[in-house]
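Below is one structure, written out as structure tokens; the observations come after it.
Please read all numbers here as calculations on a predicted model, not as lab measurements.
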Amino acid sequence: MSEGHSDLLNAAREDAADEMQVALPLFDDPEPHVVEDDEPEVQAEEPAVEAPPEPASQRRPVPPPANDAEPEPLEPARALVPADFALPRTGPIESVMRWGYRLGIPGPILAAPLRKPAKPRLLGTVETPLAGDRIAGISLRAGQMQVAGLKAPLDKIDYNSPSKLTPPFVRAVHGFLWMRDLSSCATRAQCAGTAGPIFAAWLKANPQVGKGPAWSVELAGLRLLNWLVHAPILLIGEGEKHKPAMLEAMETTARWLDRQVASENDRLAQVCGWAAITAAGLLMPDGKPRRLYGEAGLLRSLGELVSDDGGVLSRSPSAQAEAIALLIDLRACYAAVGREPPQGIESILGLLVPALLSLRMGDRGLGSWHGSSAMSEEALDALVTASGVRSRPMLESRHWGYQRIRGKDGVLVFDAAPPPKPRHARHACASTLAFEFSHRAQRIIVNCGGAELAGALVPARIEQGLRGTSAHSTLVLEETNSTAVLLHGQVGKGVEEVDFSREIIEQGARKATKFEAVHNGYASRFGLLHRRILILSDDGGELRGEDVLEPSTRKGKRGKIGFAMRFHLGRGIEARVSDDGHGVHLALPDASYWQFRLAGTSGEAHCTLEDSLWVDGHGRPHAVQQIVVEGMAARSGERFPWLLKKMG
């Protein structure tokens, strides 16, 4: 696959074409003409809604809102400070323990030098508030492991490392993620008959420590933490026979992590390892030195994983959710032994949750960004409830990079930052200046998502395509990505800088929130910058856009260049191109009617419809359509206005 070229829709239809951008006039310019449907327009009376306030640095007085509903306020920015990650105050003995354990002195010698080492056992039963997927657990008890919507018979699973398992199954099998699902579907006694044989089969297939993909720091950390948190479903009743083997496996894995975790480059993987080490120190005898060592490493790694505004540096919603889940389970381990966790854990949870909620759409599920699928409302609510953090979504961020507007029934989320740096990338996408838009519970404009689930129901062969620019609702030039998409979740050269501004604009009685951003991803190859302006009305029923191609140097190049701008439509939307080819009629499942319309100043640009796909929160791909606005643009610069408006 050539650099940046997306073959995303090989699974549905070859349509890896370019993405086009459009520019809308602002309020003081004439609106693009919206063609009325043959049917009389039904105008639903909707109350006015106040737009969310802009940052204080840009705010100017506006008239009071017309109704009594309070606007959704911006969460105040809060920078991390060293105190957030400071270790609890300890005496000289604890400091010596931590130092000695880091040098390799065995924990029992440091914890109790004058007595024999304690017998292996677990010091508490963990009650985590975070539930798993009950349906996946029931499927497991029926003899099939369900991962990202795909089922595989337990007797056909290869537990060896390496094996022929696809990445989603490698993570579920070797990280023992299935234990959470199993523990959520039945009593512990009923689960033991399923968990025991899987554990025994895995242990038999992996006798050598540190060999194969199963012994990455991330998978080993997930495996140990799940063993510790969900041990009762394995060790109860007849599962008691597995107790010696499991306790030995726990200690062996913890010792391996002690030596390997600090050398891991992936920060989320490192946090997995440190969390497991800390949990082992809490729940296993003579574990105080290990706990002290783990807490120091965990708080340091959290400080390197999370940006000042609470978003993980990979910019992946699923990675953000995983970090929250890790801290919830670890906090439950502290509760199991009657200890208070370090204050840094609560501080970081208080930052992670609002950032994750900033990607919540009108149906209360998450948007699809940087390889993640659209997490469902139920899964997101369960995660937030278990965290114990009560917070509104963060509307504006600096490092996390996602900008959010809520105008009554409309929710707009905009990617206004470059892709993550290579050292942070996990399933990085060339999605700069893409957006998602929903109205009430209906997703209207989406991104395809689901690249990290490739190998389950999502075909593995389109993984790179799902990460390309054409899989996102933004502009593409000459069928190339704005940032090069590489193997193993990495990205190459492309977008280096994004300039962004946000403001509330008004003319007379009308108010709206305006986003404007520009990126340089095409500057080196084509000498053009892409500028996108998005304006959402205060009632959420009108979204104006303006996509501008402008020269990156003082003197633009001659000639023309092909472009395409893609708007991937939500599930269930019926679309029809207008007779003049400059608009699209949209009939939504909620019986509302919308129109997408190009302005008359859009030159040769015209609208077509193509097949696309969208991956839901359960990993299932769904056939959808996409609006493609394409044509030739002058290299000297050109603008393409468009309008998406609710008509009835």
Side-chain angles (χ1 to χ4, degrees), residues 1 5-16 133 135-136 139 144-152 156-157 163-175 177-178 181 213 314-322 359 361 365-376 379-380 419 425-431 434 436 443 446-473 481 485-491 566 568-572 610-626:
M1 181 187 232
H5 185 274
S6 172
D7 62 354
L8 161 67
L9 300 174
N10 287 345
R13 179 183 293 176
E14 278 298 322
D15 65 355
D133 185 336
I135 295 177
S139 177
Q144 292 187 317
M145 183 175 291
Q146 180 173 305
V147 177
L150 182 63
K151 294 181 180 180
K156 300 294 184 182
I157 290 179
S163 67
K164 296 181 180 179
L165 296 174
T166 57
F169 275 90
V170 167
R171 185 175 176 81
V173 170
H174 295 301
L177 304 184
W178 53 267
D181 299 333
S314 67
R315 305 195 62 224
S316 165
S318 62
Q320 187 94 356
E322 182 179 336
L359 303 183
M361 305 306 295
L366 290 186
S368 304
W369 301 99
H370 285 283
S372 301
S373 59
M375 179 186 284
S376 67
L380 181 57
R426 293 175 71 83
H427 298 277
C429 298
S431 60
E436 292 198 338
R443 296 180 188 237
V446 299
N447 300 311
C448 295
E452 68 179 14
L453 303 178
L457 289 179
V458 177
R461 62 191 173 88
I462 66 170
E463 184 267 343
Q464 277 188 278
L466 288 170
R467 295 167 48 219
T469 307
S470 62
H472 299 81
S473 295
N481 292 324
V485 173
L486 308 179
L487 296 173
H488 309 300
Q490 294 295 303
V491 289
R566 299 185 180 273
H568 298 269
L569 299 176
R571 186 181 176 192
E610 295 184 8
D611 289 339
S612 182
L613 63 86
W614 175 74
V615 182
D616 68 16
H618 300 287
R620 297 178 299 230
H622 299 273
V624 296
Q625 290 183 294
Q626 58 179 313

Just wondering, do Q464 and L487 contact through their side chains at under 4.5 Å, heavy atoms?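 Sidechains of Q464 and L487: in contact.
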Taking side chain as C-beta onward, heavy atoms only, is L569 less than 4.5 Å from S612?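 A side-chain contact is absent here, since even the closest heavy-atom pair is not under 4.5 Å.
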Interatomic distance, [X] atom [atom1] to [Y] atom [atom2] [nearest 0.5 angstrom]:
X    : Y    : atom1 : atom2 : result
H427 : S318 : NE2   : OG    : 6.5 Å
R467 : L486 : CZ    : CG    : 7.0 Å
L359 : H370 : CG    : NE2   : 10.0 Å
S470 : E610 : OG    : CD    : 10.0 Å
R315 : W369 : CZ    : CH2   : 8.5 Å
E436 : L366 : CD    : CG    : 9.5 Å

Identify the heavy atoms of P459 and A454 that sit nearest to each other, and give their distance.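 Of all heavy-atom pairs spanning P459 and A454, the closest is O-CB, 3.9 Å.
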Is [X] reaching over with its side chain to a backbone N or O of [Y], donor-acceptor style, under 3.5 angstrom?
X    : Y    : value
D133 : D181 : no
H472 : R566 : no
S139 : Q144 : yes
Q146 : I135 : no
Q626 : D611 : yes
S368 : G449 : no
S473 : A434 : no

Can you establish whether the number of heavy atoms outside R620 located under 6.0 Å from its atom CZ is more than 12?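 Yes.
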Apply side chain to side chain contact (heavy atoms under 4.5 Å, CB included) to the pair N481 and V491, showing each step before the final yes or no. CA-CA 10 Å; N481 292 324; V491 289; over 6 Å; no
With side chain to side chain contact (heavy atoms under 4.5 Å, CB included) as the criterion, how do L466 and L613 come out once you've worked through the C-alpha distance, each side chain's angles and the decisive distance to 0.1 Å? CA-CA 9 Å; L466 288 170; L613 63 86; 3.9 Å; yes
Ion pair E452/R171, N-O distance below 4.0 Å: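 A salt bridge is absent here (no side-chain N lies under 4.0 Å from a carboxylate O).
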